[in-house]
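Below is one structure, written out as structure tokens; comments come after it.
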Amino acid sequence: MEAKKDRKGYSKYIKWIAYCLDLAILNLCIYVLPLILDFKYPMLFQLYISVTWILISVVNQYYDIYRYTKITHIGSLLIKQFFTFSIILYAYIGFFMEKFVSRWQLAIYLLTVFGLIVFVKFSFRLLLIKYRRIFGRNIRKVVVLGSGKKPKQLIKVLKENEEFGFEFVKQFNLKEESINLSKIYEFISKNKIDELYCSINELSNKQIQNLINFCDSNIITLKFIPDNKNIFQKKLKFEYYDFLPILSLRNIPLEHPFNAFIKRSFDILFSLMVYIFLLSWLTPLIALLIYIDNPGPIYFIQNRPGYKGEGFTCYKFRTMKINNSTEVSATRNDARVTKLGKFLRRTSLDELPQFINVLIGNMSVVGPRPHLWKQNEQYGEEIKKYMVRHYVKPGITGLAQSKGFRGGIETQDDIINRIRYDVFYIENWSFLLDIRIIIQTFLNIFKGEENAY
């Protein structure tokens, strides 16, 4: 399947930039003001305010601000955040016995920080709006399905609120005889549509399920204009565009900036530990053995589909003889696999270079395994929810692999079970789940796996 072109600009970095700007203001203001001289342990104070700010923001959902969020809601989040932060800030004095710190200076610090963060927050928001208008980047192309009152209201909201960053492309009415879902799908694919909004009361349950499958397979955001269909039985997320309620079908935990921060931080720390304590001495040894066993390149480098269906360069230790069939996955007793390669595959040591990918940022320690492009094209059409696995970064190991679903795909059940576990992982991610998967993966390596070939 062709990788979907990224038209969203730098939207995935916006929350991270907001975090960094606020934390920079919190810490730099300590030095700009004479406040830092009064603390016995300045570094402890900086750590305290940084950690508590992040924790408070998670509880208050302070950074859960979207392109359609109202200014009044942003204002209420600011007040709630600083009210809680001020209490935590003054609690530091009593908790750490900082008797020389002036309460008045602390108040000046708090007001200065509040003023700067408010200014930066709204300036940054204004710059994003200008960025979208001038450069045409970070724009979401939208198709609306339905002809009733609410779809018309949504189209009006999207057109009148350019700051939201949506580009309304087309409206479809299924009541017209010349329009069917196949034509809509063709239009969406041809015009690289990012989001599809559907009026539920104009669709049958079968059509709704068909739309869900299509959007899952093509990594398109599907949202519903609410009604009383069976779709309400699912776990849904309410959002408001102006005063119009919109339903999001899938809520992915790793889309939350704090969860993403925890996972990325762990990925970096874990990968660095692997490189320092394991790969620093193991890589030269494996490289020598590979060359002795079968002279040639040490690494096998291949482009594979990753996050949002975009291709990335995946690294592995070479386990096969040089051949021209790299897009064909290994099978049991594959003649292409070298003697050393069999051992590396059975112990999963061939995957270790992928910690390079983790440090670069196009893979994670835990996530759905990156498949071949050929497999993506085949199973993306055959298996329901297959493309959902691209909503997160691929991993060195995953829930499916820890449960024994690895190696070649010999039956339809093999791939179906992998996708079932991948989707469960994406929709139910937690840091503890990642730890459990890593531990289980290590145990599987030592006890051996039948499907590791």
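Numbering starts at 1 and runs along the sequence shown.
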Is the Lys NZ or Arg CZ of Arg389 less than 6.0 Å from the centre of Tyr386's six-membered ring, within 45° of the axis?
yes
Rounded to the nearest 0.5 Å, what separation is found between the CD1 atom of Ile290 and the CZ atom of Phe317?
6.0 Å
Go through the steps to decide whether Ser50 and Asn27 satisfy the test side chain to side chain donor-acceptor pair (under 3.5 Å), and finish with yes or no.
CA-CA 8 Å; Ser50 298; Asn27 286 278; 3.2 Å; yes
4.5 Å side-chain heavy-atom contact, Asn218 and Met387
no
Can any side-chain N or O of Arg369 pair as donor or acceptor with the backbone N or O of Gly395 at less than 3.5 Å?
yes
With a 3.5 Å distance limit and no angle check, can you tell me whether Asn259 reaches the backbone of Ser430 through a side-chain donor-acceptor pair?
no
Over 60° means perpendicular and under 30° means parallel, so classify the ring planes of Phe82 and Trp53, tilted if in between.
perpendicular
Who are the side chain to side chain donor-acceptor pair (under 3.5 Å) partners of Asp64, not counting sequence neighbours?
none
Residues, nucleotides or ligands: over 12 heavy atoms within 6.0 Å of Phe168 CZ
yes
Could you go through the side chain to side chain contact (heavy atoms under 4.5 Å, CB included) check for Leu278 and Leu352 one step at a time?
CA-CA 10 Å; Leu278 183 64; Leu352 288 178; 4.3 Å; yes
If the condition is side-chain contact (heavy atoms from CB on, under 4.5 Å), which residues does Leu285 pass it with, not counting sequence neighbours?
Leu282, Leu289
Rounded distance [0.5 Å steps], OG in Ser402 versus CG in Leu443
10.5 Å
Between Phe431 and Phe266, what is the ring plane arrangement, given parallel below 30°, perpendicular above 60°, and tilted in between?
perpendicular
Parallel, tilted or perpendicular: rings of Phe270 and Phe355 (30°, 60°):
tilted
Derivation of the side chain to side chain donor-acceptor pair (under 3.5 Å) call for Gln440 and Asn444:
CA-CA 6 Å; Gln440 187 60 54; Asn444 290 346; 2.9 Å; yes
Distance-only, no hydrogens or angles: does the Ser123 side chain make a donor-acceptor pair with backbone N or O of Val120 under 3.5 Å?
no
Looking only at heavy atoms, the pair that brings Ser271 and Val358 closest together is OG-CG1, 3.1 Å
Does the side chain of Leu181 come within less than 4.5 Å of Ile184's, by heavy atoms?
yes
Ile87 CD1 to Thr84 OG1 distance, which is reported to the nearest 0.5 Å
6.0 Å
So, using salt bridge (charged side-chain N to carboxylate O under 4.0 Å, His left out) as the criterion, who are the partners of Lys121 when residues are at least two apart?
none
What's the verdict on side chain to side chain contact (heavy atoms under 4.5 Å, CB included) for Ile415 and His371, showing C-alpha distance, side-chain angles and the deciding distance?
CA-CA 11 Å; Ile415 186 63; His371 289 170; 3.8 Å; yes
Compare all side-chain heavy atoms of Tyr62 with those of Leu78 and state whether any distance is below 4.5 angstrom.
yes
Can you give me the closest heavy-atom contact between Phe312 and Pro394, atom names plus distance?
CE2-CG, 3.8 Å
From Ile49 CD1 over to Leu23 CG, what is the distance, rounded to the nearest 0.5 angstrom?
8.5 Å
Please examine the side chains of Phe343 and Leu349, heavy atoms only from C-beta on, and report whether any two atoms are closer than 4.5 Å.
yes
If the condition is ring-ring contact (aromatic ring centres under 6.0 Å, His included), which residues does Tyr63 pass it with, not counting sequence neighbours?
Tyr19
Please check if the side chain of Lys393 supplies one atom and the backbone of Gly361 the other of a donor-acceptor pair under 3.5 Å.
yes
What are the two closest non-hydrogen atoms of Cys314 and Asn357, and how far apart are they?
CA-OD1, 3.8 Å
Cationic N near anionic O, under 4.0 Å, Glu351 to Lys316:
yes
Below 30° counts as parallel, above 60° as perpendicular, anything between as tilted: where do the rings of Tyr185 and Phe214 land?
parallel
Taking every heavy atom of Leu196 against every heavy atom of Ile220, the minimum-distance pair comes out as N-CG2, 4.2 Å
Measure the CG-SG distance between Leu211 and Cys198 for me, rounded to the nearest 0.5 Å.
4.5 Å
Short question: side chain of Asn213, backbone of Gln209 - any donor-acceptor pair under 3.5 Å?
yes
Would you find a donor on one side and an acceptor on the other, under 3.5 Å apart, between the side chain of Lys403 and the backbone of Tyr421?
no
Phe122 atom CZ, over 12 foreign heavy atoms within 6.0 Å:
yes
Can you see which heavy atom on Val366 is nearest to which on Tyr425, and at what distance?
O-OH, 3.3 Å
Side chain of Tyr48, backbone of Ile88: donor and acceptor closer than 3.5 Å?
yes
Show your working on side chain to side chain contact (heavy atoms under 4.5 Å, CB included) between Asn60 and Phe83 and close with a plain yes or no.
CA-CA 11 Å; Asn60 290 337; Phe83 177 77; over 6 Å; no
Determine, stepwise, if the pair Leu272 / Leu359 fulfils side chain to side chain contact (heavy atoms under 4.5 Å, CB included).
CA-CA 8 Å; Leu272 288 174; Leu359 287 173; 4.2 Å; yes
Please examine the side chains of Tyr31 and Gln46, heavy atoms only from C-beta on, and report whether any two atoms are closer than 4.5 Å.
yes
Can you spot which of Thr338, Asp350, Asn294 makes a side chain to side chain donor-acceptor pair (under 3.5 Å) with Arg318?
Asn294
Within the 4.5 Å heavy-atom criterion, are Lys308 and Tyr391 side-chain neighbours or not?
yes
State which residues pass side-chain contact (heavy atoms from CB on, under 4.5 Å) with Leu116; sequence neighbours excluded, sorted by chain then number.
Ile25, Cys29, Thr112
Under a 4.5 Å cut-off applied to non-hydrogen side-chain atoms, are Val169 and Phe187 in contact?
yes
Results of salt bridge (charged side-chain N to carboxylate O under 4.0 Å, His left out) for Asp267 - residues two or more places apart only:
none
For Phe124, is the CZ atom crowded, meaning more than 12 foreign heavy atoms sit under 6.0 Å from it?
yes
Check: Tyr299 and Thr283 side chains under 4.5 Å, non-hydrogen atoms:
yes
How many angstroms lie between CG in Leu47 and OG1 in Thr52, if you round to the nearest 0.5 Å?
9.0 Å
Nearest heavy-atom pair of Asp293 and Lys339: which atoms, and what distance?
OD2-N, 3.7 Å
